[in-house]
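The block underneath contains the structure these notes are about, expressed in C-alpha cells.
Each ligand, and each atom within it, is numbered from 1 in the order the structure gives.
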Amino acid sequence: MIGYDIKDKGLAPEGRLRIEWAGSQMQVLGLIRERFSREKPFKGKKISCCLHVTTETANLVCALKEGGADVVLCASNPLSTQDDVAASLVADFGIPVFAIKGEDRDTYYSHLSSAIKHGPDITMDDGADLVGLLHREYAETRLKKVIGGTEETTTGVIRLKNMEKGGALKFPIIAVNDSDTKRLFDNRYGTGQSTIDGLLRATNVLICGKTFVVCGYGWCGRGVAMRARGMGANVMVTEVDPIKAIEAMMDGFKVVKLEQAMPYADIVVTVTGGLNVVDQKHMELAKDGVLLANSGHFNVEINIEALKEQSVSSRKVRDYVEEYRLKSGKRIFLLAEGRLLNLSAAEGHPAAVMDMSFANQALAAEYIVKNRDSMEKKVHVLPRELDLEIARLKLKSMGVEIDELTREQQEYFDSWESGT
Ligand code: ADE
C-alpha cells in the first residue's frame, strides 16, 4: 500500500497545513461536514473514492469520514497527486491513500484495484476509471455489493452514459458534473484559472500579445478562452459543434479550423474530451516553438505518438516541458506529457470553486444512501432543490444577499392568463 509508505517521507506536516488552508475556503462543504458529523449518514458504509489527490479532495474525504464512512482514496490521474496531501491523509486523518505522483500505468491500475478491494458500498469517481475497472474485472465479486456511485467530470459522464446505453451499467450513478453548481463554476472558472496557472508555473511565458488557440468551447473551453483573453492574448477558438462555434464567435473570439490557426499559434490548449484533436497534420503546420497543452481529462487530445514519430530528438527543458525537435528543425514543446496541465503543473481548481463541486459530491453520496431502493441503474442528476440549496449556501458564505419573489410575483409566473 503505497499510501502508507508516503508518511515516511516527512511530507505530512506541509500537506496538513495546505489541507487546512483549502478548507478555510470551502464553507459549504464545511457546513455539510458539521451536519454529517452529527447525523452520521454513512455509518457502516464503505466508500472508495477515485479523485485527484488534492487539498480540496482531502477536505471532501474527511467530511465523508466524519459522516461515518470507512473511506479510501486512489488517484484519478497518474500525474495529479499531491504527495504531501496523500501523506497527511494517511498520517493525520487515518485515511488510506493509494496514489503517488508520476506513477506508471500498472501502478495506477493496481491502486484502483486496491480501492476496489476495500469493498465499497459507494464509489466516487472522476473520469469513470474506477467504475470501468469494477465492471470489467470485479463483476462477480465487489461489483455486486455496490449500491451506487457518483461521477465528477464530463468525460466520465459520457463514458457512463455509454455504459447505460449498452445495458452494462450495474448500479445507479449521480452525475455530479451535471449540477449547475458544479459545471457552470468548476468547469468554467476553475478550469479557466487553473489552466493559466499550470501554463505559467510550467513555462513562465508572457501571455499578452500571444496567439492562444483554445480547442473546444464547452464550459471548460469558455473558461480558458475568457482567461487567456483577460491576460491579453489574441484568442482563437476551434469547434466541431456549430452552435458552440457561433457562441464563441459572438463572445468575440475568432473561430477557425485548427489547420488555419496552427501557423500563427504560440500556445494551443485542448479542452474537448476528444481524440487526436491536435494531430500530425496540425503539428506539421505549427510554427517553431509552439507550446502544446491539454486540460481535458485524458492525455489523448494531442497525438503524442505522432509527435514522437516526427521528432529526431527530445529533451526535458524544464519541469513539465518536453522539447521535441522535428526533422525540419522546428521545435514543439509538449507540456505535462499532454496530461491535465492544471492538475499536473499546478494545483487544480481553487478551493472556493471546488467547494460547490464537492458539496455536490457529498450530498450525492448521502442521496444514494437514502434513495438506493428507488434509483434505477442509470445516470441521474442530483435533484434541483439540492443544487439550489448549495447555491444559497455559497452565496451566504460569500456574504451576498439576493431578492425574493413576492407572493404576487410568484403567482404571476405560475399563471398563464395574465399577459398584459
Ligand atoms: N479537479 C480540478 N481541480 C481539482 C481539485 N483542486 N481537486 C480535485 N479535483 C479537481
Atom 10 (C) of ligand 1: which of His349, Glu152, Met354 has the nearest heavy atom?
Met354
Report the part of Leu343 in contact with ligand 1, treating N, CA, C, O as backbone and CB onward as side chain, heavy atoms under 4.0 Å; options are side chain, backbone, both, neither.
side chain
So, His52 versus Ser80: side-chain donor-acceptor pair below 3.5 Å or not?
yes
Between His349 and Phe358, does the ring centroid distance fall short of 6.0 Å?
no
Which ligand 1 atoms are under 4.0 Å away from a heavy-atom of Gly348?
3 (N), 6 (N)
Which atoms of ligand 1 are found less than 4.0 Å from any heavy atom of Glu347?
6 (N)
Would you say Glu56 has any N or O atom under 3.5 Å from an N or O of ligand 1, going by distance alone?
yes
Does Lys40, at its NZ atom, have more than 12 non-hydrogen atoms belonging to other residues, nucleotides or ligands within less than 6.0 Å?
yes
Going by atom types only, do Ser88 and Asp92 share a side-chain donor-acceptor pair under 3.5 Å?
yes
Students should be able to answer this: which protein heavy-atom is nearest to atom 1 (N) of ligand 1, and at what distance?
His52 CD2, 3.7 Å
Pair Lys281 + Glu259: basic N to acidic O under 4.0 Å
yes
Is the shortest distance from a heavy atom of Thr57 to ligand 1 less than 4.0 Å?
yes
Does Met398 have more than 12 heavy atoms from other residues, nucleotides or ligands lying within 6.0 Å of its CE?
yes
Polar-atom distance check: Thr54 versus ligand 1, any N or O pair below 3.5 Å?
yes
